[in-house]
Engineer: 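After the structure tokens below, expect a handful of questions from me.
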Amino acid sequence: MHLYAHISSLISDFFSDELKLEIESSKFQFTPTKKEFDGDYTLVVFPLVRHMKKKPEECGEIIGQYLLERSDYVEAFNVVKGFLNLSLSTTFWRESLELVSDPEKLTYPDTNKGKLVLEYSSPNTNKPLHLGHIRNILIGWSMYRILQRVGYEVIKTQIVNDRGVAICKSMLAWKKFAGGETPESSGKKGDHLIGEYYVTFDKALKEEYEQWQTGAEAEKIFREKNDGKIDRNAFFKKWKNEYFNEKSQLGAEVRQMLRDWEDGDPNVIALWEKMNAWVYAGFDETYAGLGVDFDKTYFESDTYKLGKDIVEEGLQKGIFYKMEDGSIWVDLSDSGMDQKLLLRSDGTSVYITQDLGTARIRYEDYKMGSMVYVVGNEQDYHFQVLFEVLKLLGEPYADGLLHLSYGMVDLPTGKMKSREGTVVDADDLMAEVVEIAAANVEDRGAMDELSEEERREAIRRIGMGALKFQLLKVNPKKRMVFNPEESVDLQGHTGPYIQNAYVRILSVLRKAGDFDQDHLSTQDYFRISGDERELIQMLLSYREVIERAAGEFDPAHLAGFSYQLARAYHRFYHDHQIIRAESEAARNFRLKLSVAVAAALEDSLSLLGIAMPVRM
RNA sequence: GGCCCCGUAGCUCAGCUGGAUAGAGCAACUGACUUCUAAUCAGUAGGUCGGAGGUUCGAAUCCUCCCGGGGUCACCA
């Protein structure tokens, strides 16, 4: 920021002129002055005390005096303990307002940080998207906007897990129990329909298992394998996987279907294609509702085979090793990790195999320098392993890999559990927030001048703004509690609160009549208030906020910024007349300031993927 | 059990690259709409920053240990 640079360079001059010392400018710490003290910006002098060999208070006085004499911006100063509080001149505030009024200054010059592949959705095709996916997708979308802003060429991708046991379960259940039900025949969304049959399968399996437990074979296994520490129920709960793999009729059918699929059986492939197509149509609808899209979709059914080739290649190079049973492993104990299976003994691929394939295909497609995966923190270890293996393989992008790991979303009642039916469905949730927004709009009448369509769009933006802000205001790394009731709150620390500040500004500008933003004279305005200075300070800090959000991969910084800016504006708006200001110069100053605030609010929310309503 | 993450007001979260008396929102209570949109503003109340040591002029922030919660260590994804 230019003020910090300006003051820093003066302080550097002070040290070299007066004390013949070269001090790194990173030693100069500035912060906006706390409300309870006089001043606008504060220099922390403690780190400099050592070099000056004087008491903190004296150092502050000396530097303050030096700055007062040399800078047109510094108008007064005071020292409290080791803090030098600087009060800045009207010249500074006026010039700063000009600076932040320049829309160019909100965006970045053409810096080019190269290509970055961003994977921010990785759905399974056996069930619809839920609240957890929404957090994933919103974080990813926001990071796309932010990374793009700071100069990356971002390629937005998703990886669709369209193969494997899970989808076969849905397929088998549909074949057995659906009676030919389709999205068209039932009016159900495709992904929801498939999800229902996934549940159907689970129920059928459970019944089969319970039935089997009453038989003689079950009794024998229980007696032989139980170590006597747990009761019968607990034993069979633990044994469920073995049952599915070794004894279950349904399990056998699913595995047969999986083999048929791998062998390319036309009937199975046709069913698979049909059902996946339903799911994709459903996903597309959900994505559209969230306002996100992808440059490229990868399917694991396309990439898993290449993964096998890569494992073979690593084996040839001697990076991996083969066990007697034919399975292939990598030893990562040098990096503090374990042995890790890369290919099963029967030659089929595991989860990580296809990730290897996907990574390389992406490089062939885009030659990116870096790749970011937005995936939940339950997979932290998986990505450590994946990245280490890619490094061992010498992949050219291996040093540019990042797992943007986000925490799980809990409900006030605890974890979401599909078995207990507590999973919050993405489509339901979106519909609900928009509905609540609509109900609130009806009480207000602020949208009377809008057409039916404009009104619907504004309501959608308010509802989705509430939902998105609620999820993005929390640091991605942290596990969070999501209260569905609070997500539709429109007051307080929410998206609509920020939208409201913006809409108020639009309203003021409408009523102000025509004016030329670039030629508003503010020269005669001298009594710039604390509220106004605070707003300008915030606007000056905006770029740092964006850079921090990009550097830390944390959109919550932008959420915090936009909220604080909106709050400061609401206060300013309440305490100051704009259109009927005390003077022409004051009116001009405040109009200009309002325009700049509106631009920053809109821009910061847009980096979160939230759009502004025109009225509310 | 090994490794990783988390613990701040009744609830949800900021603050964590060390800096002044730890901040917001919700919930509770009080006040402000004939004046640019009250989805707003102002105020009251609410804290052993999980605990104990240590480093420092200064610790919610850094280090060690302990307690509590979660995740992960599959020929699952």
Side-chain angles (χ1 to χ4, degrees), chain A residues 26 29 31 33-34 36-37 42 44-47 49-50 56 80-83 85 122 124 161 163-166 241 245 300 323 325-329 336-338 340-352 354-355 376-382 384-385 405 407-408 410 412 415 437 440-441 443-446 462 466 470 473-475 477-483 485-486 489-501 503-512 552 556-557 559-560 563-564 566-567 569-581 590 594 615-616:
Chain A
S26 63
Q29 298 175 35
T31 49
T33 303
K34 292 209 165 202
E36 51 273 36
F37 299 95
T42 296
V44 185
V45 302
F46 288 108
V49 167
R50 193 157 62 82
V80 180
K81 292 196 253 175
F83 300 91
N85 301 318
S122 42
N124 296 326
N161 186 353
R163 57 176 285 278
V165 177
N241 264 335
N245 287 325
E300 291 193 337
M323 299 273 278
D325 62 2
S327 58
I328 299 177
W329 296 70
M337 288 175 267
D338 297 325
K340 193 77 194 170
L341 177 86
L342 299 176
L343 211 56
R344 294 194 186 102
S345 51
D346 64 0
T348 58
S349 62
V350 289
Y351 187 45
I352 196 166
Q354 46 211 25
D355 275 350
N377 64 10
E378 64 211 341
Q379 296 198 37
D380 284 355
Y381 185 66
H382 167 75
Q384 277 183 42
V385 171
S405 161
M408 298 292 101
D410 289 331
K415 291 185 67 170
N440 278 277
V441 163
D443 302 339
R444 293 168 56 83
I462 295 165
Q470 180 77 8
K473 71 181 180 183
V474 179
N475 185 330
K477 284 188 308 201
K478 290 195 172 177
R479 188 179 195 99
M480 69 177 288
V481 175
F482 180 91
N483 186 334
E485 279 168 33
E486 283 172 13
D489 274 352
L490 309 174
Q491 287 156 24
H493 192 182
T494 66
Y497 174 93
I498 299 160
Q499 292 172 325
N500 185 234
V503 166
R504 281 178 136 185
I505 295 173
L506 290 196
S507 177
V508 170
L509 297 180
R510 258 196 311 274
K511 299 218 164 115
E552 294 177 18
H557 289 303
Y563 172 69
Q564 280 164 26
R567 190 161 51 117
Y569 190 85
H570 276 308
R571 191 184 308 129
F572 158 77
Y573 177 93
H574 184 267
D575 293 344
H576 301 271
Q577 288 290 324
I578 300 167
I579 296 172
R580 279 177 292 278
R590 289 173 194 159
S594 296
R615 309 275 171 101
M616 67 190 292

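Convention: sequence-line order gives letters A, B, ...; per-chain numbering from 1.
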Engineer: Going from CG on A:Leu506 to CE on A:Met616, what distance comes out if it is rounded to the nearest 0.5 angstrom?
Structural biologist: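 Rounded to the nearest 0.5 Å, the CG-CE separation comes to 11.0 Å.
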Engineer: Rounded to whole Å, please give me the gap between CD1 in A:Ile352 and P in B:C73.
Structural biologist: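 The answer, rounded to whole Å, is 12 Å.
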Engineer: Counting just side-chain N and O atoms, does A:Arg504 come under 4.0 Å of either OP1 or OP2 of B:A38?
Structural biologist: yes
Engineer: Report the distance from atom CE of A:Met616 to atom C1' of B:U40, rounded to the nearest whole Å.
Structural biologist: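 Between C1' of B:U40 and CE of A:Met616: 11 Å.
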Engineer: To the side chain of A:Val481, which of B:U12, B:U72, B:G70 is closest?
Structural biologist: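 Of the options given, the side chain of A:Val481 lies nearest B:U12.
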Engineer: Looking at B:U37, I'd like to know if its phosphate oxygens (OP1 or OP2) sit under 4.0 Å from a side-chain N or O belonging to A:Lys511.
Structural biologist: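 Answer yes for this pair, as a side-chain N or O of A:Lys511 is under 4.0 Å from OP1 or OP2.
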Engineer: Rounded to whole angstrom, note down the C1' distance from B:G23 over to B:U8.
Structural biologist: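 To the nearest whole Å, 10 Å.
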Engineer: I'd like the C1' distance from B:G31 over to B:G69, given in whole Å.
Structural biologist: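 Those two atoms are separated by 42 Å.
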Engineer: Return no unless some side-chain N or O of A:Lys478 is found under 4.0 Å from OP1 or OP2 of B:G69.
Structural biologist: no
Engineer: Can A:Phe83 be classed as stacking with the base of B:A20, given a centroid separation cut-off of 5.5 Å and a plane angle cut-off of 30°?
Structural biologist: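 Stacked: ring centres under 5.5 Å, planes under 30°.
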Engineer: Taking atom C1' of B:G71 as reference, at what distance in whole Å does atom CE of A:Met408 sit?
Structural biologist: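 The answer, rounded to whole Å, is 9 Å.
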Engineer: In whole Å, what separates the C1' atom of B:C65 from that of B:U55?
Structural biologist: 15 Å
Engineer: Sequence neighbours left out, what passes side chain to side chain donor-acceptor pair (under 3.5 Å) with A:Asp355? Give chain and number order.
Structural biologist: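 Once residues adjacent in sequence are excluded, the partners of A:Asp355 under the side chain to side chain donor-acceptor pair (under 3.5 Å) criterion are A:His382.
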Engineer: Reckon A:Thr42 touches a base, only the sugar-phosphate, or nothing at all at heavy-atom distances under 4.0 Å?
Structural biologist: base
Engineer: Base, sugar-phosphate, or nothing for A:Gln577, non-hydrogen atoms under 4.0 angstrom?
Structural biologist: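 Base contact.
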Engineer: Please work out if A:His557 contacts a base, only the sugar-phosphate, or nothing of the nucleic acid, heavy-atom cut-off 4.0 Å.
Structural biologist: sugar-phosphate
Engineer: Is the aromatic ring centre of A:Phe37 closer than 5.5 Å to the centre of the six-membered base ring of B:A20, with the two planes inclined by less than 30°?
Structural biologist: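 Check passed, A:Phe37 stacks on base of B:A20.
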Engineer: Start at the 5' end of RNA chain B and walk down; is the nucleotide closest to A:Gln470 or to A:Ile579 reached first?
Structural biologist: A:Gln470
Engineer: Roughly how far, to the nearest 0.5 Å, is the NZ atom of A:Lys478 from the CG atom of A:Asn377?
Structural biologist: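 Nearest 0.5 Å value for the CG-NZ distance: 13.0 Å.
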Engineer: If you check every side-chain atom of A:Tyr563, which of B:A77, B:G25, B:U40 has the closest atom?
Structural biologist: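 Per side-chain heavy atoms of A:Tyr563, the pick is B:G25.
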Engineer: Take the protein atom CG of A:Asp489 and the nucleotide atom C1' of B:G25, then report the distance between them rounded to whole Å.
Structural biologist: 9 Å
Engineer: Does a side-chain N or O from A:Lys415 land closer than 4.0 Å to OP1 or OP2 of B:G71, or not?
Structural biologist: yes
Engineer: How close or far is atom P of B:C26 from atom CD of A:Glu485, stated in whole angstroms?
Structural biologist: 15 Å
Engineer: Between B:C11 and B:C57, how many Å separate the two P atoms, rounded to a whole number?
Structural biologist: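 Going atom to atom, P in each nucleotide, I get 38 Å.
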Engineer: Rounded to the nearest Å, what distance is computed from the NE2 atom of residue A:His574 to the P atom of nucleotide B:U37?
Structural biologist: 14 Å
Engineer: Does A:Arg344 have a side-chain nitrogen or oxygen under 4.0 Å from the phosphate oxygens OP1 or OP2 of B:C76?
Structural biologist: yes
Engineer: Rounded to whole Å, how long is the line connecting atom CG of A:Asp575 with atom C1' of B:G43?
Structural biologist: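 Rounded to the whole Å, the gap is 13 Å.
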Engineer: Which listed nucleotide (B:G70, B:A77, B:C41) is nearest to the side chain of A:His570?
Structural biologist: B:C41
Engineer: For A:Val165, answer base if it contacts any base atom (sugar-phosphate contacts may also be present), sugar-phosphate if it contacts only those atoms, and nothing otherwise; contact means non-hydrogen atoms under 4.0 Å.
Structural biologist: nothing
Engineer: Could you state the atom-to-atom distance from CE of A:Met480 to P of B:C5 in whole Å?
Structural biologist: 21 Å
Engineer: Expressed in whole Å, how much space separates the P atoms belonging to B:G7 and B:C62?
Structural biologist: 10 Å
Engineer: Could you go step by step and tell me if A:Glu300 and A:Tyr351 meet the side chain to side chain donor-acceptor pair (under 3.5 Å) rule?
Structural biologist: CA-CA 10 Å; A:Glu300 291 193 337; A:Tyr351 187 45; 5.7 Å; no
Engineer: Between B:C13, B:A20, B:C73, which nucleotide has the shortest distance from any of its atoms to the side chain of A:Val474?
Structural biologist: B:C13
Engineer: Mind telling me if B:C33 is syn or anti? Syn here is a glycosidic angle within 90° of 0.
Structural biologist: syn
Engineer: Which value, in whole Å, describes the distance between the C1' atoms of nucleotides B:A60 and B:C16?
Structural biologist: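 One C1' to the other, the span is 7 Å.
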Engineer: Report the nucleotide, chosen from B:A77, B:C36, B:G19, that has the shortest atom-to-atom distance to any side-chain atom of A:Gln29.
Structural biologist: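 So the nucleotide nearest the side chain must be B:G19.
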Engineer: From the set B:C41, B:A77, B:A74, return the single nucleotide nearest to any side-chain atom of A:Asn241.
Structural biologist: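 Looking only at side-chain atoms, A:Asn241 lies closest to B:A74.
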Engineer: From the options B:U12, B:C41, B:U21, select the nucleotide whose nearest atom is closest to the side chain of A:Glu486.
Structural biologist: B:U12
Engineer: Could you tell me whether a side-chain N or O of A:Arg479 sits under 3.5 Å from a main-chain N or O of A:Met408, the two making a donor and an acceptor?
Structural biologist: no
Engineer: I'd like to know whether A:Asp380 forms a side chain to side chain donor-acceptor pair (under 3.5 Å) with A:Ser405, so could you lay out the CA-CA distance, the side-chain angles of the two residues, the decisive distance to 0.1 Å, and finally the verdict.
Structural biologist: CA-CA 7 Å; A:Asp380 284 355; A:Ser405 161; 2.8 Å; yes
Engineer: If only side-chain N and O atoms of A:Arg571 are considered, is one of them under 4.0 Å from the OP1 or OP2 phosphate oxygen of B:A24?
Structural biologist: no
Engineer: Is there a donor-acceptor contact under 3.5 Å linking the side chains of A:Thr42 and A:Thr31?
Structural biologist: no
Engineer: Taking only the side-chain nitrogens and oxygens of A:Tyr497, find out if one of them lies under 4.0 Å from OP1 or OP2 of B:A38.
Structural biologist: no
Engineer: Work out how far the P atom of B:A42 is from that of B:C4, and round it to whole angstrom.
Structural biologist: 45 Å
Engineer: Can you confirm whether the side chains of A:Arg590 and A:Gln577 place a donor and an acceptor under 3.5 Å from each other?
Structural biologist: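 Result is no, nothing qualifies.
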Engineer: Mind running side chain to side chain donor-acceptor pair (under 3.5 Å) on A:Ser594 and A:Tyr573 for me, showing each step along the way?
Structural biologist: CA-CA 9 Å; A:Ser594 296; A:Tyr573 177 93; over 6 Å; no
Engineer: Which sits closer to the 5' end of RNA chain B, A:Lys34 or A:Arg510, going by the nucleotide each is nearest to?
Structural biologist: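 Nearest nucleotide further toward 5': that of A:Lys34.
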Engineer: When the P atoms of B:U64 and B:C6 are compared, how many Å lie between them, rounded to an integer?
Structural biologist: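 Going atom to atom, P in each nucleotide, I get 14 Å.
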Engineer: Report the secondary structure of RNA chain B in dot-bracket form, marking unpaired bases with a dot and bases paired to a different strand with |, and treating Watson-Crick or G-U pairs with both distances under 3.5 Å as paired.
Structural biologist: (((((((..((((.....[...)))).(((((.......))))).....(((((..]....))))))))))))....
Engineer: Would you mind classifying the nucleic acid contact of A:Asn161 as base, sugar-phosphate or nothing, using non-hydrogen atoms under 4.0 angstrom?
Structural biologist: sugar-phosphate
Engineer: Return yes when atom CZ of A:Arg510 has more than 12 non-hydrogen atoms of other residues, nucleotides or ligands closer than 6.0 Å, and no otherwise.
Structural biologist: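 Buried by this count: over 12 neighbours within 6.0 Å.
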Engineer: Using the side-chain heavy atoms of A:Tyr573, tell me which of these nucleotides is nearest: B:A74, B:A77, B:C36.
Structural biologist: B:C36
Engineer: A:Asn124 has a side chain; which of B:U37, B:U35, B:A77 sits nearest to it?
Structural biologist: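 The closest nucleotide is B:A77.
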Engineer: Would you check if there is a donor-acceptor pair between the side chains of A:His493 and A:Arg567 at a distance under 3.5 Å?
Structural biologist: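 A:Arg567 vs A:His493: no donor-acceptor pair found between side chains.
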Engineer: Determine whether the aromatic ring centres of residues A:Phe37 and A:Phe83 are separated by less than 6.0 angstrom.
Structural biologist: no
Engineer: Which of the following nucleotides, B:A14, B:U37, B:G19, is nearest to the side chain of A:Asn475?
Structural biologist: B:A14
Engineer: Could one point to a donor on the side chain of A:Asn85 or the base of B:A20 with an acceptor on the other under 3.5 Å away?
Structural biologist: yes
